[in-house]
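First comes the structure, then the notes that go with it.
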Protein chains: 2
Amino acid sequence: MTLTEENYLKALHRLSQSEEPITVKRIAMQLGIKMPTVTSMVRNLAAKKLIRYEKYKAIEMTEKGRRQALLILRKHRLTELFLKDVMGLGWEEVHDIAEQIEHIQSDRFFNRIDEMLGHPKFDPHGEPIPDANGKLPFFKAFPLSGCEAGKKYKLTGVLDHDGGFLTYLNTLGLTLGSSIEVIEVHGFDRSMEVLLNGKTRTVFSFIVCQHLLVI
Amino acid sequence: MTLTEENYLKALHRLSQSEEPITVKRIAMQLGIKMPTVTSMVRNLAAKKLIRYEKYKAIEMTEKGRRQALLILRKHRLTELFLKDVMGLGWEEVHDIAEQIEHIQSDRFFNRIDEMLGHPKFDPHGEPIPDANGKLPFFKAFPLSGCEAGKKYKLTGVLDHDGGFLTYLNTLGLTLGSSIEVIEVHGFDRSMEVLLNGKTRTVFSFIVCQHLLVI
DNA sequence: TTAAAAAGTTAGATTAATCTAACAAATTTA
DNA sequence: TAAATTTGTTAGATTAATCTAACTTTTTAA
Ligand SMILES: [Mn+2]
Ligand SMILES: [Mn+2]
Ligand SMILES: [Mn+2]
Ligand SMILES: [Mn+2]
């Protein structure tokens, strides 16, 4: 598999997590490329039995395609945790490096990382790490955006790996495990008044709330 | 620079280390590709001022090209040492992984590796690691192939990074720092009778001797 | 239920990196 | 020095990944 094909599989897997059907349009948007480019690549991926594709129909991943995608995600997430816990980088800077290292072809390399980390189940952003067979550990968490006022939650994950967003969380002293108490929910823009770690009071926009996973 | 261009620069640099002029033929052999492919790439590299090239003439690297090559070698060699000393891989398995990781674009990543290793000067094969400006540390060592019978040397480097060769050295208990005493040199095939670490006696072919650096 | 908009496909071009076949220059050898 | 060999270049094709422009199908909305 080429690096480009691997990136398509990752994008496909990500899109398959939402309710919406996987369409050429959505893939193009996800990857920041044009639709005709996607059309030709999905034909290629279909020929390799990684997806099911028929003109004008919604696209589906095959078991084979999903497995491949999860093995790449495994490499990505193991790398992120290694960069943070072994190499001492921040959770806001590991994603971009992992985007490159996830394409390294070496079982030895990633198995050593896995061993050194003690076969971890979650990455620095709270995302589950598939095992060597592409199986995901069970986990439950929901976006803060669906939460009620007056209740207290624990941050267990973030859905935006972008440096800007995570650096913003850093300035608020938010890390995985931090407590978030919802003081009030504003109906007009769905923003939330929150109390962080029992001390910092601030306002989260709806977008921010959608990107914070809590239990 | 593309991954391919980076690999050409490394090949060019390696060829520039020998006496022979750099020719299209030698580049093609080094990279295992055909001459016309090389011709078109050297035009490209010349356009980018990384080499000087005129039809039918010997090829030379520019200062810019050499600097780039050394920065890639720096990443390669830092990676090899990191894989061995931090991740516990053997010196016979680090080269192939480093061939991939050397193309990762992230100063942060390689500077952390450099820091964690304490700004090392040599890689697991005894090769000097260029500094962040592309400057090489001074070092002197010569191939065992030029050595005399009756003298005792110390292994300081190997010129073949291939797994097969290094695994062979492992079976002999040879590592950097091992002693090699030359018992006898056979004129007809230039092979050598040697005593390793004061205990193992064996014969090295001329090829093997050429690949062992000693002082 | 038709017209407009959105989504998708096809055709054809481009770029990087490679190849083979044919030709040309340089070097070696007789 | 002339012929043979080696080395190098040119021309043209191929593959992967991308694009724009034009056309088609599907969906939405009047
Ligand atoms: Mn990530
Ligand atoms: Mn992550
Ligand atoms: Mn190496
Ligand atoms: Mn080395």
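Below, chains carry the letters A, B, ... as their sequence lines are ordered, and counting in each starts from 1.
Taking atom NZ on K48(B) and atom C1' on dT15(C), their separation rounds to 11 Å, with Å as the unit. What separates CE of M41(B) from P of dC19(C) is a distance of 11 Å, to the nearest Å. One can place CE of M35(B) at 16 Å from P of dA25(C), the figure rounded to the nearest angstrom. The distance between atom CD1 of I33(B) and atom P of dT20(C), rounded to the nearest whole Å, is 12 Å. Taking atom CE of M1(A) as the reference point, atom P of dA16(D) lies 15 Å away to the nearest angstrom. What separates CD of E54(B) from C1' of dA25(C) is a distance of 15 Å, to the nearest Å. Rounding to whole angstrom units, CG of residue L31(A) and C1' of dA17(D) are separated by 12 Å. In this structure, the OH atom of Y56(A) is 9 Å from the P atom of dT24(D), given to the nearest Å.
Crowding of R52(B) atom CZ: a count of heavy atoms from other residues, nucleotides or ligands under 6.0 Å exceeding 12.
Checking the phosphate oxygens (OP1, OP2) of dA25(C), no side-chain nitrogen or oxygen of K57(B) falls inside 4.0 Å. Residue T2(A) places at least one side-chain N or O closer than 4.0 Å to OP1 or OP2 of dA17(D). Within the structure, a side-chain polar atom (N or O) of T4(A) is placed less than 4.0 Å from OP1 or OP2 of dA17(D). For K25(A), a side-chain nitrogen or oxygen approaches OP1 or OP2 of dA7(C) to under 4.0 Å. Phosphate proximity of dT18(C) to Y8(B): present, with a side-chain N or O under 4.0 Å from OP1 or OP2. A sub-4.0 Å separation between OP1 or OP2 of dA6(C) and a side-chain N or O of R26(A) is absent. Considering only side-chain N and O atoms, R43(A) lies under 4.0 angstrom from the phosphate OP1 or OP2 of dT10(C). Here T39(A) reaches the OP1 or OP2 of dT9(C): one of its side-chain N or O atoms lies under 4.0 Å away.
Among R74(A), K10(A), R77(A), the single residue meeting the salt bridge (Lys or Arg N to Asp or Glu O under 4.0 Å) criterion with E102(A) is K10(A).
For T37(B), the listed nucleotide lying nearest its side chain is dT18(C); candidates were dT18(C), dT18(D), dT10(C). Of all nucleotides listed (dG8(D), dA17(D), dT9(D)), dT9(D) comes nearest to the side chain of K55(B). When distances are taken from the side chain of S40(A) to each of dT18(D), dT9(D), dA21(D), the shortest belongs to dT18(D). Side-chain proximity of K34(B) to dT9(D), dT9(C), dC19(C): nearest is dC19(C). Which of dG8(D), dT24(D), dA17(D) sits closest to the side chain of E5(A) comes down to dA17(D).
In this structure, W91(A) and H125(A) have parallel ring planes: the angle between them is below the 30° cut-off, well short of the 60° mark. Note on ring orientation: taking the six-membered ring where Trp is involved, the planes of H76(B) and H161(B) are parallel (angle under 30°, cut-offs 30° and 60°).
Judged by distance alone, the side chains of S18(A) and R26(A) do bring a donor and an acceptor atom under 3.5 Å apart. A donor-acceptor pair shorter than 3.5 Å can be found between the side chains of E193(B) and H186(B).
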